[in-house]
Amino acid sequence: ALLRVLMVPLVPRRLCLLRRWFVCYYAANLLRRCAADLVKRGGRSNRGRLALLLLPYHVAHDLVEMGSVVRGGIRYRTFVL
């Protein structure tokens with residue numbers, strides 16, 4: 001999902017609905033993951049501000065995961081979708 005958001009600048013401006021869908025999908029997914037992580041750690045899901053503090057962690061996690069997939073694909077000469 002993060003790859004879609006990073007590709008938004010490549011989408012033509014006339015397809016603004018597609019651009020919004022990419023960003024909104026990732027944002028909703030990110031907020032859902034933060035709320036689930038907060039509940040798993042013993043908090044309540046209605047603590048929105050506390051869940052927002054987890055956003056940088058999840059974005060960094062996605063970037064590291066994407067980087068490791070690219071690195072592994074290059075290292076082992078494998079195409080990874």
Hydrophobic cluster mates of Val70, side-chain heavy atoms under 4.5 angstrom, ILVMFWY only, any path?
-> Ile74
Report the residues that fulfil side-chain contact (heavy atoms from CB on, under 4.5 Å) with Leu55, sequence neighbours left out, ordered by chain and then residue number.
-> Leu30, Leu31, Cys34, Leu52
Looking only at heavy atoms, what is the nearest atom pair of Leu2 and Val59, with distance?
-> CD2-O, 4.4 Å
Residue pairs involving residues 55-67 (criterion side chain to side chain donor-acceptor pair (under 3.5 Å); sequence neighbours excluded) = Tyr26-Asp62, Arg33-His58, Arg33-Asp62
Nonpolar side-chain network containing Val64, other nodes, edges under 4.5 Å = none
Pairs where residues 12-25 contributes a residue and the test side chain to side chain donor-acceptor pair (under 3.5 Å) is met, not counting sequence neighbours | none
Atom of Leu18, atom of Val11 and distance for their closest heavy-atom approach | CD2-CG1, 4.1 Å
Contact list for residues 68-81, test side chain to side chain donor-acceptor pair (under 3.5 Å), sequence neighbours left out | none
Taking atom CG of Leu63 and atom CG of Leu6, what is their separation to the nearest 0.5 Å?
-> 6.5 Å
Can you list the other members of the hydrophobic cluster that holds Val69, where links are side-chain heavy atoms under 4.5 angstrom apart?
-> Val80
Leu15 and Val8: same hydrophobic cluster, using ILVMFWY side-chain contacts below 4.5 Å?
-> yes
